[in-house]
Protein chains: 2
Amino acid sequence: MTDNGHCGHGKETTEMQKMCISIVPIFNHLEPSEMNEIVKHTNSVSHPRGHTIYHEGDTSDGLYIVHKGRVKIYRLSENGKEQLVRILEPGDFTGELSLFNETVHDAYAEAMGKVELCVMNRDDFQSFLVKYPAISLKVLGEFSNRLAKTEKQAARIAMETTDTRIAMYLADLSEEENSSQVKLPMTRKDLASHIGTSPETISRKLTEFEEAGWIRQLSQREIEILDMDALLLV
Amino acid sequence: MTDNGHCGHGKETTEMQKMCISIVPIFNHLEPSEMNEIVKHTNSVSHPRGHTIYHEGDTSDGLYIVHKGRVKIYRLSENGKEQLVRILEPGDFTGELSLFNETVHDAYAEAMGKVELCVMNRDDFQSFLVKYPAISLKVLGEFSNRLAKTEKQAARIAMETTDTRIAMYLADLSEEENSSQVKLPMTRKDLASHIGTSPETISRKLTEFEEAGWIRQLSQREIEILDMDALLLV
DNA sequence: GCGAAAACTTGACGGGGGTCAAGGTTTCAT
DNA sequence: ATGAAACCTTGACCCCCGTCAAGTTTTCGC
C-alpha cells in the first residue's frame, strides 16, 4: 500500500475547507468572520479507499472532520478480531477521545471510499473552545448523544439475543432513514462485528426473517421491512 | 416503597453542599468565591438504600453529584432484564445525558446504600458552563473518558469470550486499585449483567481460575490475583 | 445478635450460535 | 469488458454457557 501517494496536504483549496467547516454542526452556527478564522487553522487531507487515517497507538494529532466520503472506526481485540465502533458520515468528526486527555488513539480510522477531511490540531481546537464557549456546548451535545448511543449499544449486546439485536438494528436504520426500505451501510462482516455476532448468523437470521414474512431482501444491501412489530417481538 | 420519607430537601446544611462542590473534579478548580456562587444553586438530597433516584422516562431535572455513598446506573431490556451501566462513587456525577439534549432519561439510578447527593438544575448548570468555560473543558474531559471506557466495554462484550471478559474485568480492577488484591464493588448478579453473562457462569469461572492457580478467592468479594499474565491469556 | 432475605455455589441439561468448509455472487481495478 | 478478489450463503458439527433447581452462606434490618 503506498503510504500517502494520494494524500494531498496544504491549503490549495481554501474554498473546500470553508465548505467543510460550514457543514459541521459544531461550527456552522458561528458568524462568517469567525468561521473564516477557523478555516485558517485547518488543513485539507484526502485519503483513498482502504487507507488508514490513524492507527491505534498513534498520538493524537487533532480533530478530523469528514467532508466527503465515509470513515470506519474500529478496534482490534486481543486475538486480532476487529469490532466496528461506528461509521462517520460527512459532517461527523473524530479524534476527540484523545483531544481532552493526552492519550493515544485506542482505535483505527479507515477510509471506506475516497475521503476528504479537514484537520485541525489539538491546541488550536482547544483555544477555539475557550474563545467561543458555544462550540463547547455543541461538542458536549454531540458527546452526550454518542455516549447515550454507545451505552445503549453495549446494553443490547450484553442482554438481547442475536435475533433481537439484528431486528433492532434494522429498526434503528428504518427510523433514521424514515423509510421501511433500508440500505445497509456496510458489509455483513462489519455489521456482524458491530452487533457482536458472525456474518453467517446474519445471513441465516435474515433468511429466517424473510421466510417468516417480516422482511424482503431486495438485494444484498437493501431490505424492505414488512412487519416491524413482529420483527421486534423476536 | 415510601416515596421520599428519607429524602431531606433544602439548604439546611450549606456546609455539606460546599464540601460536595469542592470534591467534584468539574468544580474543584474554581476560586472559593466562584464555588460559593455555585453552592447557592445546589440542593442537598439524601436517599436510603435501594431507593430509585430517577426513572427511565423521567424528564431531566438536572445534574446529580454524588457526595457520599454509591449509586448504580442501570437499564432494562425489552424483556425486563437489567444491565448495570456503571457505578458512581463520591465525586462522580450523572444526569448529563439529558442535560444537553432535551430528552428523557433512558436509564435508572438507584442508591446502593445511604446516599447523599447535590443537585443542580439544568438551566443553572448551563449558565455556569457559559460563564466559566473552564467547567466545560472539565466536563468534556470527563465525557471523553466515559466514552472511551464505554466503547471499550462494548467492544469487549461483542468480541471476547466470557473467560476473557471476566479476566479483563479483574485486571482493570487491579490496575485501578494498584493492588493484586481486589475487592469486587458489586454482587455477582450486577457484575454478570455488566459484562454480559450470568451469575452462575461467574461463579464457575472464578472457581476454574482458582483451580488453575491464577487467583485466590479470599472471600466472596475479595480476590487475590496470583498470575495476571496467565489470566489474560484466557 | 437473630432470623429472614438476598446472595452465592454446584449440578444437570439443552439449544443457540460460532466455526469450518465449499460453492455461488457481487464488486472493482485495470 | 473481464478476471480476480472480496463478499455472501448454506450446510454440518458441537461446545459454550444460559437456565432451572436445590442447597449453603452471607448480609442486613430490627
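In what follows, every chain begins at residue 1, and chains take the letters A, B, ... in the order their sequences are listed. Worth saying up front: this structure is predicted, and the values here are computed from it rather than measured.
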Exercise for the section: Would you please name every residue forming a salt bridge (Lys or Arg N to Asp or Glu O under 4.0 Å) with B:D92, sequence neighbours left out? Expected result: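 Salt bridge (Lys or Arg N to Asp or Glu O under 4.0 Å) list for B:D92, sorted by chain: empty.
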Practice task
Name all pairs fulfilling the salt bridge (Lys or Arg N to Asp or Glu O under 4.0 Å) condition that reach into residues 206-215 of chain B, sequence neighbours left out, sorted by first residue then second.
Solution key: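 Found none.
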Beyond-backbone contact of [X] with [Y], side-chain heavy atoms, under 4.5 angstrom:
{"X": "B:T187", "Y": "B:P199", "value": "no"}
{"X": "B:L231", "Y": "B:D227", "value": "no"}
{"X": "B:Q153", "Y": "A:T150", "value": "no"}

Handout entry: B:D172 bridged to B:R156 by N-O distance under 4.0 Å
Key =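 Answer for the salt bridge query: yes.
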Handout entry: Short N-O contact, B:D106 and A:K152, less than 4.0 angstrom
Key =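 Between A:K152 and B:D106 there is no salt bridge, as every charged N stays at least 4.0 Å from the carboxylate O atoms.
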Measure all distances between protein nitrogen or oxygen atoms and nitrogen or oxygen atoms of nucleotides 28-30 of chain C, and list the pairs falling under 3.5 Å.
none

Practice task
With a 4.0 Å heavy-atom cut-off, tell me which residues in residues 197-211 of chain A come close to DNA chain D, sorted by residue number.
Solution key: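 Contacting residues: A:E200, A:S203, A:R204, A:T207.
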Problem - Strand-adjacent residues in residues 220-230 of chain A, judged by heavy atoms under 4.0 Å from DNA chain D - result: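 Close to the strand are A:Q220, A:R221.
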Handout entry: Helix axis bend for the helix from C:dG1-D:dC30 to C:dT30-D:dA1 - C1'-based end axes, five pairs, 10° rounding
Key =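 It comes to 80° between the two terminal axes.
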Handout entry: Partner set under side chain to side chain donor-acceptor pair (under 3.5 Å) for A:E110, not counting sequence neighbours
Key =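 Testing A:E110 for side chain to side chain donor-acceptor pair (under 3.5 Å), a comparison that skips the adjacent residues, returns none.
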Exercise for the section: Evaluate the ring planes of B:W214 and B:F209, with Trp represented by its six-membered ring, and classify them as parallel (under 30°), tilted (30 to 60°) or perpendicular (over 60°). Expected result: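 B:W214 vs B:F209 ring planes: tilted.
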Practice task
For side-chain contact (heavy atoms from CB on, under 4.5 Å), just list the numbers for B:R70 and B:V66, CA-CA rounded to whole Å, side-chain angles, deciding distance to a tenth of an Å, and then say yes or no.
Solution key: CA-CA 7 Å; B:R70 298 192 307 150; B:V66 179; over 6 Å; no
Sequence neighbours excluded, which residues qualify as ring pair (Phe, Tyr, Trp, His ring centres under 6.0 Å) partners of [X]?
{"X": "A:F93", "value": "none"}
{"X": "B:F27", "value": "none"}
{"X": "B:Y64", "value": "B:Y54"}

Exercise for the section: Specify the closest pair of heavy atoms between A:I53 and A:A111, including all atoms of both residues, with the distance to one decimal. Expected result: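 Answer, listing the atom of A:I53 first, then A:A111: CD1-N, 4.0 Å.
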Handout entry: Donor-acceptor contact below 3.5 Å, side chain A:S174 vs main chain A:L170
Key =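 Side chain of A:S174 to backbone of A:L170, a donor-acceptor pair under 3.5 Å: no, none is there.
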Handout entry: Any donor-acceptor pair under 3.5 Å from A:R188 side chain to A:I202 backbone
Key =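 Looks like no, no N/O pair under 3.5 Å.
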Practice task
Can you spot which of A:I166, A:D190, A:L84 makes a side-chain contact (heavy atoms from CB on, under 4.5 Å) with A:I195?
Solution key: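 When A:I166, A:D190, A:L84 are each tested with A:I195, the side-chain contact (heavy atoms from CB on, under 4.5 Å) holds only for A:I166.
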Problem - Range on DNA chain D touched by chain B - first to last nucleotide, heavy-atom distance under 4.0 Å - result: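 On DNA chain D, the outermost contacted nucleotides are D:dC17 to D:dG29.
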Practice task
Kindly state which residues belonging to residues 181-190 of chain B come within less than 4.0 angstrom of DNA chain C, counting heavy atoms of the residue only, listed by number.
Solution key: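 Of all residues in residues 181-190 of chain B, the ones placing a heavy atom under 4.0 Å from DNA chain C are B:T187, B:R188, B:K189.
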